[in-house]
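The structure appears below as structure tokens.
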Amino acid sequence: MPVESERKDLLLSSEFMARLDQLDILSRKLLAGKMKGERRSKRRGQSVEFADYRNYVIGDDLRFIDWNIYARLDKLFLKLFLEEEDLALYIIVDVTRSCDYGDPNKALYMKKVAAALGYIGLVNYNRVSVVAMANGIVDETGGLRGRTKVARMIDFINRLQPQGAGNLAVACRRFALSHRQKGVCVVLSDFFDKGGYENGLRYLSGGKYDLFTVQILSPQEIDPDLQGDLKLRDVEDGDMAEVSITQPLMKQYKANLNAYCLAVKDYITRRGGTYLFASTAVPFDTLVLNYLRERGLLG
Amino acid sequence: MMPDFLNPGIAAIAAGIAVPSLLLLYFLKLRRREVDVSSTLLWKKAIQDLQVNAPFQRLRKNLLLLLQLLILAALLLALARPVVNHTQRAGKLAVILIDRSASMNADDIEGKTRLDEAKRQARELVDSLDKNGAAMVVAFDDSADIVRSFTSDRALLKQAIDSIQPTDRRSRLKLAFQLAEAQAASFNPEQRGPLGPKPEIWLYSDGRVLDAPELSLRFADLKYSRIGTADAANLAIVALSARRNYERPSEVQVFVRLANFGPQPSGAVVQLSIDGIVPPGGIKRDLLLLPERWSLEQREKAEKDQKLLARDSAEFRLELLKGAVIRVELKEQENDALRADDAAQIVVPPPRSLKALLVTKNGNLWLEKFLESANLEKPGVVLGAQYEKQIGETQQTEYDVIIFDRHQPTGLPAAGNFIYFNAVPPRSRIEAATENGAQVLLRDHGVLDWERGHPMLRHLNLRFWVQETLKLKVPLDAQVLVEGRQGPLVVLHRDGRSTHLVIGFDVNVSTWPTSATFPIFMDNALQFLALGSDMDVRQSHQPGATPRIPRHVLQQAGADLKRIKLTDPRGNARFVNVPEAGDFALPPLDRVGIYQLDPPLPQYEKIAVNLLDPEESNLLPIDRPPGGAGESVAVTAGKSRLELWRWIVAFGAIPLCMLEWWVYTRRMHL
């Protein structure tokens, strides 16, 4: 189907997907999956790969005692194996209207990143959930596993439309309540929320999730190309701001933007999350192949 | 000094349109372009931050409007064309005093004379007169004339100012001040009180007045406008005298002294002419004049450093066998501001030796010796009886002077000059007092006082003793020249065509002949009686002088003289009526030069009028008001009205405009 392939190409080209095949999602935490997956978990478990020995204590499963050692040394040792399990990967995409802005467009950029991450997750037999968030949870894919679900995931991402104003707090709370399984949680957003980003991120930065945030801004937001007396309209809520662009004002805006990003980063890192800033001017593949690997999300 | 507005109406209309327009524009919101942004979150925060950081935020909101209103106000003010008058406004009652003296003829104010400038300023003052104010115009030199008494009619005042003519006279202010105060007081008696507004006296002068120390104003304010520039160049003849040599009457010595009243040392060329002809040696070029304003140290320094040798006087010696007018002129002068002092004339009478006759009782050694030595043409000595026989009551005598020594004549020639020693004129009102038929003699007599200014007694210090003298009865119109302790000693009396000099005592019984004053007095007396003046060369007059012609001179010219033609130096003639009796005073001779009389009166055919006054020739104006009291009013030559609109635009509107732009670019709107 040509339309689908176009759509697919829009987000991920086949060459890029081939490169993504090399990568896997890493988690810095011990996360318990529901099913056995392809993932070597840090938990000791029942896979065929030997990990270590330890002394037997009463109550241990007798099946894992290494009888050969017992025969030789007359002591009971337990054989430990690496556990293989599946990993929950939650990709939360901001679909508020504020993301449909900029050139290159922020929303498209976010979709591409989400598709790439989702693809990696599916290929590695992780349980991937793509969640669209605006004023609450707008839509989600439910848990997908396996390479066969790639088309469905990409289709889902393609269908996402920017809508309404965002409310990070409501959305994150809803997400946290409905997704109890631990996992890696990637949030793609500009974090421009008039209600404040702190309330929302609070729900995600608990012990449950390995939080990974990417703040995506367009070059027009980082260095606005505005002049004269303007009436600025907020695309989310239609709020107006009358400004006369002057040098001090531009200076102040940039200083504020910088401070805002730093505050977000600070908030997240202090709660054990990882923060990454990305401009849509940075090529998408560079972000995925370089930056995300450097930050330890991919490996 | 409040500015006046030349077109306030237009400015008011413009203000009516522009101010509401500006306010309207200000209240209309700025039309802004709409631009979509992802979020206004950061923008609003930035605006808030800026506003929080900016102090006087409230003020800034309306600062632009305030500035624009100020700019508009400045422009409207400029449109109204405000002007400031340099000349101060005259008060309710102003007396305009205009100096018309010689120094005001100096043309050092952009080619115009000082008098022209004074008139111009005075006319402007008239323009500034209050509607119900009044002014009076007085012109003064060494006298003062009311040209126009108090009036509110500006046209009449200006006409009066324009009618003032320059003179070559000197400046005296006292009379003008008295006149001004008296007129102001009589015009408006309420002003006399200490509470009423004082009349203002506006004085337009260069401040060179002779009587400055005597000046005072009791109930008027003086406003002095100094006219003239400090660097006007002027070389002047300040002294001129001509004298016939006593030994050789055909030789005339002329002395000239010059002064430089300019700022720089200057050479001078002096030319002498006799009746218009320059004699050989009549030009002197070697004069060098240092500025009079230099101090003694400056002069000495200049003489030492620049090897200048100041020479400010010249002497000419001429052979002159006839009477003539000698004119001395400064030549080759280019920047001289004042012409009146560049030439001076003097009338030299023909050489003449006197004829004198001594009629003595029995010989008098002193008088005979004097006559011998007096260089007279025809000295004669006769005894009394001989005189009575020879001359007696003849109509005419060839002698200029007849001296009676202790001889009481019984008859005199019809006209003549007579000196009496110990005798009195016959049939005259001057008599010797008698008691019981005998003459009263005053004994042990001495000099009490004498007329020090009289030509016969000038420079003499009379100290002599008289053993006895006649007691003289002196009529009122006679002049006592020497007053003794007990009565008059020497009396001058004119009677008809005769002049009598009566000396009441015999010189032989006095100590006078032993004093040097006696021969000098006698010589002066002969000259005076014979020539009617004190000098062998007739004096020149100051401008404004009214020479007095004695009756006998008129009678010599003819008894029925009714009027005399007086021709002034510029050739304008006028007729002057001769009074029936008494001496005849000519009208004031205002201009320098030679005045001529027709018919020519003996010794008064030509009358020389010269400035010869260092005070008038000095053109350096004085800054302080004369008399020291009063206010100096600074008036610059030329423009007296300053238009202010350029300054308002340059220093008001344009800087405000720049400030407004700066504020505009700095501020931002929410």
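Throughout, a chain's letter reflects where its sequence line sits, starting with A, and its residues are numbered from 1. Remember, it's a predicted structure, so these values are computed and weren't measured experimentally.
Within the 4.5 angstrom heavy-atom criterion, only side-chain atoms of A:M250, from C-beta onward, approach chain B. When heavy atoms are compared at a cutoff of 4.5 Å, A:K106 approaches chain B solely by way of its side chain, counted from C-beta outward. Residue contact with chain B, scored on non-hydrogen atoms closer than 4.5 Å, is absent for A:L217. For chain A, the nearby parts of B:K45 are the backbone and the side chain; heavy atoms of each come within less than 4.5 Å.
Using a 4.5 Å heavy-atom cutoff, the side chains of B:I96 and B:V126 are in contact. Here the side chains of A:P104 and A:F284 are not in contact, with every heavy-atom distance at 4.5 Å or above.
Within residues 162-172 of chain A, no residue has any heavy atom closer than 4.5 Å to a heavy atom of chain B.
Annotation for A:E198: atom CD counts as buried by contact number, over 12 foreign heavy atoms lying within 6.0 Å.
Using cut-offs of 30° and 60° for the angle between ring planes, the A:Y267 and A:Y197 rings count as perpendicular. Between B:W43 and A:Y253, the ring-plane angle classifies as parallel under the 30° and 60° cut-offs.
Taking 4.0 Å as the cut-off between side-chain N and carboxylate O, B:R120 and B:E117 count as a salt-bridged pair.
A cation-pi arrangement is absent between A:R173 and A:F175, since the terminal nitrogen or guanidinium carbon is not both under 6.0 Å from the aromatic centre and inside a 45° cone about the axis.
Of the inter-residue distances, the one linking A:M240 atom CE with B:K44 atom NZ reads 10.0 Å to the nearest 0.5 angstrom.
Checked against the 6.0 Å centroid threshold, A:Y119 and A:F16 do not count as a close aromatic pair.
Ranked by heavy-atom pairs under 4.5 Å with chain B, the list A:Q247, A:K254, A:K251, A:E221 is led by A:E221. Among the candidates A:D237, A:L230, A:V235, the residue making the largest number of heavy-atom pairs closer than 4.5 Å to chain B is A:L230.
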